[in-house]
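Quick caveat, the model's predicted, so the values are computed rather than measured. Chain letters run A, B, ... following the sequence lines, proteins first and then strands; every chain starts at 1.
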2 protein chains.
Amino acid sequence: MPLTGHPIVARLTRVMKLSAVDVKSLEAIFERDLSVRKREELIVQGSEFRNLCFVKDGFAIRYRLLRSGKRQILKVILPGDVIGFPVSFFDRSTYAVVAVTELTYAVCSFDSYIRLCYEQPQFGLVLSWLAAQEAATYAEHIVNLGRRTPIERLAHLLLEIHARLLEVERADETSFNLPFSQEVIADVLGLSVPHLNRVIQQLRAEQLITSNSRLIELTDLAGLRKLAQYQPMDLAPIPVPKHRE
Amino acid sequence: MPLTGHPIVARLTRVMKLSAVDVKSLEAIFERDLSVRKREELIVQGSEFRNLCFVKDGFAIRYRLLRSGKRQILKVILPGDVIGFPVSFFDRSTYAVVAVTELTYAVCSFDSYIRLCYEQPQFGLVLSWLAAQEAATYAEHIVNLGRRTPIERLAHLLLEIHARLLEVERADETSFNLPFSQEVIADVLGLSVPHLNRVIQQLRAEQLITSNSRLIELTDLAGLRKLAQYQPMDLAPIPVPKHRE
DNA sequence: TACGCTTATTAACTTAGATCAATGAATAGA
DNA sequence: TCTATTCATTGATCTAAGTTAATAAGCGTA
């Protein structure tokens with residue numbers, strides 16, 4: 001499966017030199033390209049899952065459903081993200097993943113990836129690095145839910161998604177397409193839909209964003225950053241031992 | 001630095017066979033054992049940090065301070081945890097880590113650990129696996145803050161800490177020592193101190209816990225699990241390729 | 001033992017945000 | 001084009017949880 005132009009390559013090359021050979025080794029373990037339709041479940045809560053899916057295009061959400069019927073979305077999954085991490089390290093998934101739009105991805109088995117890591121250790125580090133980003137994103141989400149006001153939360157979420165989309169060239173300088181209903185965004189931010197709606201209107205009223213249907217325009221990036229106390233995460237490149245360079 | 005009996009070894013052996021040789025390679029890169037006093041900062045928000053600190057004993061918290069003065073604690077750090085992950089992958093830390101009790105730890109530089117990963121790929125995977133656990137713990141925290149009620153949150157937190165302490169033999173079947181003030185716990189759970197206090201009393205009134213000073217007794221484990229909808233995370237062992245076994 | 005500081009508890013008051021319910025607007029199939 | 005959902009918006013009401021402030025209990029140290 002050719003990976004050229006795949007957004008995951010764009011992400012990885014930001015932290016390590018991926019030689020043509022590296023890309024080839026990666027390609028070798030990929031089984032097939034798949035796609036799922038909108039609303040299709042990629043991972044069912046409580047099931048086993050031992051694959052890594054590198055998202056090429058489309059949007060998905062990872063979430064937990066509680067008995068009360070409440071849903072908490074843990075992460076919005078964008079092109080360049082990996083589905084199946086960290087769940088593949090566990091017995092079974094305690095979360096579900098569902099596609100929000102049509103979604104295409106390249107898939108390999110967890111085992112074959114692990115095998116690759118033993119042969120080429122840099123791929124193990126890549127996995128750690130992806131994990132580090134995942135953990136850092138989750139950490140921001142915790143700060144958001146725990147101690148930011150609803151308007152700050154929303155501003156922060158928009159900035160985060162914007163930055164992540166920029167990284168894989170799915171956004172331009174100040175705007176991007178976001179195919180999520182308000183119900184989805186409310187479940188990311190731990191808010192009710194009516195309240196989220198009010199908060200969106202506040203952001204619009206303060207001229208910080210404009211949005212119609214699914215297009216978000218960040219009218220005042222600096223203002224948003226200040227409101228959200230947004231700090232971009234600057235990744236350090238993965239160190240490469242001398243004798244390898 | 002001898003690692004025998006170090007809680008990190010207890011944690012690691014739960015997912016992979018650590019041979020005596022492996023432990024030796026780990027020991028070789030550790031520089032020295034350190035300790036810090038209560039309230040001492042291990043990582044300053046905004047600073048660089050390129051070390052891995054394997055906690056031997058004591059408690060710490062990782063947190064973010066907001067301009068408003070609010071604090072969100074991201075994680076309580078227990079014996080067996082690693083301080084410096086994931087921050088070592090980033091330019092500088094956006095979080096602070098401070099010791100809550102006296103704390104002792106073994107430290108190695110991030111670079112030397114990375115070097116070890118290139119020589120012995122299983123250590124790269126160990127890092128991924130620690131990261132996966134970290135991410136999973138954060139994910140639970142997100143669910144907690146976003147969609148659980150305060151009493152459920154507290155129950156969940158106590159169960160999580162209990163499970164993590166059990167893993168490194170710092171708790172017994174139903175009780176453990178927790179040297180955190182209510183202010184700390186409130187900042188983990190995104191609550192105010194007075195409200196947390198009410199919630200603690202609720203848990204006590206419902207006979208789910210008893211606690212005096214710093215000793216927590218989980219009087220009714222099953223009841224707590226049900227209340228919190230707690231699901232233990234069962235880790236799968238790291239697969240080892242055939243030709244290595 | 002006494003002092004001072006930190007921590008726990010309680011109460012009164014206020015408010016942000018949930019809930020419930022209704023109405024428009026938009027979109028996708030038939 | 002029409003119709004059926006899904007989605008966005010608004011309003012009224014209610015309550016959980018924050019805020020502030022005061023008091024009590026513990027604890028460390030001189």
Side-chain angles (χ1 to χ4, degrees), chain A residues 37-40 59 61 66 68-73 98-102 144-155 157-158 177-205 209-216 227, chain B residues 37-40 59 61 66 68-73 98-102 144-155 157-158 177-205 209-216 227:
Chain A
R37 266 166 303 134
K38 196 172 164 166
R39 278 162 223 265
E40 205 168 315
F59 294 76
I61 51 178
L66 298 178
S68 60
K70 286 188 206 296
R71 175 176 73 168
Q72 176 62 46
I73 294 175
V98 67
V100 173
T101 63
E102 190 186 17
N144 243 4
L145 292 171
R147 292 300 187 205
R148 280 201 256 255
T149 65
I151 196 171
E152 293 166 355
R153 276 184 225 180
L154 177 57
L157 178 69
L158 294 177
N177 236 67
L178 193 69
F180 294 145
S181 69
Q182 294 187 1
E183 193 186 358
V184 166
I185 298 174
D187 283 347
V188 173
L189 298 179
L191 300 171
S192 66
V193 171
H195 196 64
L196 171 67
N197 186 282
R198 284 167 207 135
V199 170
I200 291 174
Q201 290 176 49
Q202 247 183 293
L203 269 193
R204 286 202 273 242
I209 67 166
T210 58
S211 71
N212 53 16
S213 99
R214 298 295 141 102
L215 184 74
I216 311 279
L227 172 62
Chain B
R37 266 165 304 135
K38 197 170 164 168
R39 281 164 221 263
E40 207 168 313
F59 294 76
I61 51 177
L66 298 177
S68 60
K70 286 188 207 291
R71 174 176 75 167
Q72 177 62 44
I73 294 176
V98 67
V100 174
T101 62
E102 190 186 16
N144 242 5
L145 291 171
R147 292 300 188 206
R148 281 200 256 253
T149 65
I151 195 169
E152 294 165 356
R153 275 183 225 180
L154 176 57
L157 178 68
L158 293 177
N177 235 68
L178 193 68
F180 294 146
S181 69
Q182 293 187 4
E183 193 186 357
V184 167
I185 299 174
D187 283 347
V188 173
L189 298 179
L191 299 171
S192 65
V193 172
H195 196 64
L196 171 66
N197 187 281
R198 285 169 213 135
V199 170
I200 291 175
Q201 291 177 48
Q202 246 183 294
L203 270 193
R204 286 202 273 242
I209 66 167
T210 58
S211 71
N212 52 16
S213 101
R214 297 296 142 100
L215 183 75
I216 310 278
L227 172 63

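- Between the C1' atom of C:dA16 and the CD atom of A:Gln202 lies a distance of 11 Å, rounded to the nearest Å.
- A 4.5 Å side-chain heavy-atom check between B:Leu157 and B:Arg153 finds every atom pair outside the cut-off.
- When rounded to the nearest whole Å, the span between NZ of B:Lys38 and P of C:dT6 equals 11 Å.
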Under 3.5 Å between N/O atoms: give me all the protein pairs with nucleotides 17-21 of chain C, atom names plus distance.
| from | atom 1 | to | atom 2 | distance (Å) |
| --- | --- | --- | --- | --- |
| C:dG17 | OP2 | A:His195 | NE2 | 3.4 |
| C:dA18 | OP1 | A:Ser192 | N | 3.4 |
| C:dA18 | OP2 | A:Ser192 | N | 3.3 |
| C:dA18 | OP2 | A:Ser192 | OG | 2.7 |
| C:dT19 | OP1 | A:Lys70 | NZ | 3.2 |

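- The shortest distance between the side-chain N/O atoms of B:Gln201 and the OP1/OP2 oxygens of C:dT10 is below 4.0 Å.
- Distance CD (A:Glu183) to C1' (C:dA26): 16 Å, rounded to an integer number of Å.
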Can you check side chain to side chain contact (heavy atoms under 4.5 Å, CB included) on A:Leu66 and A:Arg71, steps first, answer last?
CA-CA 6 Å; A:Leu66 298 178; A:Arg71 175 176 73 168; over 6 Å; no
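- Proximity of A:Leu154 to A:Arg148: side-chain heavy atoms (C-beta onward) are nowhere separated by under 4.5 Å.
- Of the possible donor and acceptor atoms, none in the side chain of A:Arg147 sits under 3.5 Å from a partner among the backbone N and O of B:Gln72.
- For B:Asp187 and D:dG18, the CG to C1' distance is 14 Å, given to the nearest whole Å.
- Taking atom CD1 on A:Ile185 and atom P on D:dC7, their separation rounds to 12 Å, with Å as the unit.
- Rounding to whole angstrom units, CD of residue B:Gln182 and C1' of C:dT9 are separated by 8 Å.
- Protein atom CD1 of B:Ile200 is 9 Å distant from nucleotide atom C1' of C:dA8, rounded to whole Å.
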Check step by step if side chain to side chain contact (heavy atoms under 4.5 Å, CB included) holds for A:Ile185 and A:Ile200.
CA-CA 11 Å; A:Ile185 298 174; A:Ile200 291 174; 5.6 Å; no
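- Side-chain contact between A:Asn197 and A:Gln201 is present, with heavy atoms from C-beta onward closer than 4.5 Å.
- Phosphate contact (OP1/OP2 of C:dA8, side-chain N/O of B:Arg214, threshold under 4.0 Å): present.
- The side-chain heavy atoms of A:Asp187 and A:Ile61, taken from C-beta on, include no pair separated by under 4.5 Å.
- Atom CZ of A:Arg204 is separated from atom CG of A:Asn212 by 9.0 Å, given to the nearest 0.5 angstrom.
- Put simply, CG on A:Asn197 is 14 Å from P on C:dA26, counting in whole angstrom units.
- Put simply, the side chain of A:Arg214 never gets that close to the backbone of A:Asn177: no donor and acceptor are under 3.5 Å apart.
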Taking only N/O atoms, report every protein-nucleotides 24-30 of chain D pair under 3.5 Å with atom names and distance.
none

